[in-house]
Amino acid sequence: MDLNALNVFVTLYRSGSTQKAAKQLGRSQSFVSKVLAQLREELNDPLFVRTANGLQPTSYADKIAPKIHNALEQISLALEPEYFDPKNLQYISVHLGEPLAVIMGKALIDELRKETDATLEIRQWRKASNDGLIDGSIDIGIQTLRERPQQLYQKKIASGYITRVGNSSGEFVKLLVDDLNEHFEYFRELKEIKTPTIITDNFSLHRELLADHYSYNFKLNDEDQHKKVMIDLALICSSARRHEAKIVWLSEICKRVLLKSITTE
């Protein structure tokens with residue numbers, strides 16, 4: 001059986017859509033549909049059933065997908081060149097939590113530019129970033145260490161604490177970060193803190209407001225009185241890609257830039 005056809009199957013299984021699969025593979029939707037038809041005939045199973053929410057895998061597809069994915073990964077590793085050259089990369093996508101995009105975004109671009117001319121996409125982390133990492137459209141992300149889909153690998157790279165910043169006589173400003181604190185208030189663990197009266201999801205505005213008001217930021221040191229409220233930051237990537245040379249290289253740069261940026265912030 002054609003390995004390319006199996007790769008189409010795995011991509012379809014992960015994306016749940018011929019359109020999404022075609023985009024990820026860089027092929028036409030008609031090509032993906034044609035390969036799916038051939039696989040259905042060869043395997044004597046419909047593999048996917050069309051629903052209102054996309055393609056639903058059959059029980060047989062659920063059974064064989066992990067095995068095929070692992071087999072393709074082993075083949076890819078076996079055929080991977082012994083050396084890795086960032087100069088050969090065409091595209092890099094990194095998603096950063098809202099404060100980090102401002103704090104380390106430019107420094108990260110500067111470091112990457114020393115080693116590659118690839119197109120760089122540095123974007124803010126959103127809830128959808130989890131899905132992008134899983135389907136491979138995003139290479140790596142940096143966000144808090146927390147429960148995430150099992151298809152994602154997380155590696156803790158920094159532990160810090162909530163530290164009060166700004167003008168304590170002003171109002172309490174909350175920075176709302178997507179996929180982090182929409183429904184969880186870290187500051188609730190600090191009994192002396194009042195309910196925020198100003199809320200924003202823009203870090204630049206948040207930083208400007210600190211001239212007149214106060215808030216709580218992430219710091220690496222533990223000298224502040226609120227060190228009991230700890231937050232872990234993690235590098236996040238697809239579990240299937242964690243040993244890929246590109247991801248290993250990118251992880252090392254991201255970690256180095258992150259630690260330098262939040263230490264000097």
Side-chain angles (χ1 to χ4, degrees), residues 3-33 35-36 48 53-57 61 65-66 68-70 72-73 75-77 80 84 86 88-98 100-101 104-105 108-109 112-113 115-144 146-155 177-180 234-255 257-258:
L3 291 179
N4 289 326
L6 294 179
N7 188 43
V8 169
F9 165 74
V10 171
T11 306
L12 267 172
Y13 183 83
R14 292 164 62 182
S15 66
S17 163
T18 55
Q19 184 178 17
K20 292 180 180 179
K23 183 178 180 180
Q24 293 173 28
L25 293 166
R27 305 298 296 266
S28 67
Q29 189 172 359
S30 60
F31 169 79
V32 174
S33 297
V35 171
L36 176 58
F48 301 97
N53 297 320
L55 296 178
Q56 180 70 38
I68 294 177
H69 177 272
N70 291 336
L72 290 175
E73 183 180 15
I75 292 174
S76 177
L77 289 173
E80 189 174 283
F84 167 74
N88 295 329
L89 295 175
Q90 300 297 315
Y91 190 84
I92 296 172
S93 178
V94 181
H95 281 209
L96 306 172
E98 163 65 15
L100 297 179
M104 64 175 286
L108 178 60
I109 291 173
L112 291 173
R113 272 289 170 260
E115 301 188 41
T116 181
D117 295 323
T119 298
L120 305 177
E121 182 180 11
I122 311 298
R123 303 184 64 178
Q124 292 180 7
W125 180 281
R126 301 296 186 193
K127 290 180 181 178
S129 299
N130 291 298
D131 296 328
L133 288 166
I134 292 173
D135 65 33
S137 58
I138 303 171
D139 292 310
I140 201 167
I142 302 179
Q143 183 57 295
T144 54
R146 59 186 298 185
E147 185 176 345
R148 300 188 186 278
Q150 61 179 3
Q151 300 98 316
L152 293 178
Y153 169 74
Q154 302 183 83
K155 180 181 180 181
V177 180
D178 199 32
D179 197 31
L180 175 62
L235 284 168
I236 309 169
C237 66
S238 165
S239 297
R241 299 183 63 192
R242 59 178 291 194
H243 298 301
E244 186 179 310
K246 177 184 180 182
I247 301 302
V248 173
W249 167 77
L250 194 54
S251 297
E252 293 174 351
I253 293 180
C254 285
K255 179 180 179 179
V257 172
L258 168 73

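One is the number of the first residue; the rest follow in order along the sequence. Since the model is a prediction, treat every value here as computed from it, not as a measurement.
Using a 4.5 Å heavy-atom cutoff, the side chains of R113 and L120 are in contact. Side-chain contact check for V32 versus L12: some heavy-atom pair is nearer than 4.5 Å. Between K20 and D135 the shortest side-chain heavy-atom distance does not fall below 4.5 Å. Side-chain atoms of F31 and Q29, non-hydrogen and from C-beta on, never get closer than 4.5 Å to each other. Counting heavy atoms from C-beta on, the side chains of I236 and I140 never come closer than 4.5 Å. A heavy-atom distance below 4.5 Å is found between the side chains of Q154 and R148. The closest side-chain heavy-atom distance from Q143 to L96 is not below 4.5 Å.
A salt bridge links R123 with E121; the closest basic N to acidic carboxylate O contact falls under 4.0 Å.
Evaluation of the side-chain hydrogen bond (donor to acceptor under 3.5 Å, both in side chains) rule for S33 yields no partner, not counting sequence neighbours.
Under the 30°/60° scheme for interplanar angles, the aromatic rings of F48 and F9 are found to be tilted.
Atom-to-atom distance recorded for Q151:CD and R241:CZ is 14.5 Å, nearest 0.5 angstrom. Going from atom CD1 of I138 over to atom NE2 of H95 covers 3.5 Å, rounded to the nearest 0.5 Å. Considering OG1 of T116 and CG of L89, their distance stands at 5.0 Å, rounded to 0.5 Å. Note: D117 CG to Q90 CD = 10.0 Å, rounded to the nearest 0.5 Å. Atom OG of S239 sits about 8.0 Å away from atom CD of Q150, to the nearest 0.5 Å.
Among pairs with a residue in residues 3-17, those fulfilling side chain to side chain donor-acceptor pair (under 3.5 Å) read Y13-D62, at least two apart in sequence or across chains.
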*I92 and T119: side-chain contact (heavy atoms from CB on, under 4.5 Å), yes or no, with the steps?*
CA-CA 6 Å; I92 296 172; T119 298; over 6 Å; no
*Could you go step by step and tell me if V8 and L36 meet the side-chain contact (heavy atoms from CB on, under 4.5 Å) rule?*
CA-CA 8 Å; V8 169; L36 176 58; 5.8 Å; no
*Evaluate the criterion side-chain contact (heavy atoms from CB on, under 4.5 Å) for residue pair W125 and T144; output intermediate values, then yes/no.*
CA-CA 11 Å; W125 180 281; T144 54; over 6 Å; no
Result block: side-chain N/O donor-acceptor pairs under 3.5 angstrom for residues 245-255, not counting sequence neighbours:
unit_1 : atom_1 : unit_2 : atom_2 : d
K246   : NZ     : Y91    : O      : 2.7
K246   : NZ     : D139   : OD1    : 3.1
K246   : NZ     : D139   : OD2    : 3.0
W249   : NE1    : E115   : OE1    : 2.8
S251   : OG     : I247   : O      : 2.7

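At distances below 3.5 Å, at least one donor-acceptor pair connects side-chain atoms of S129 with backbone N or O atoms of R126. Remark: the backbone N or O of G136 is not paired with any side-chain donor or acceptor of S238 at under 3.5 angstrom.
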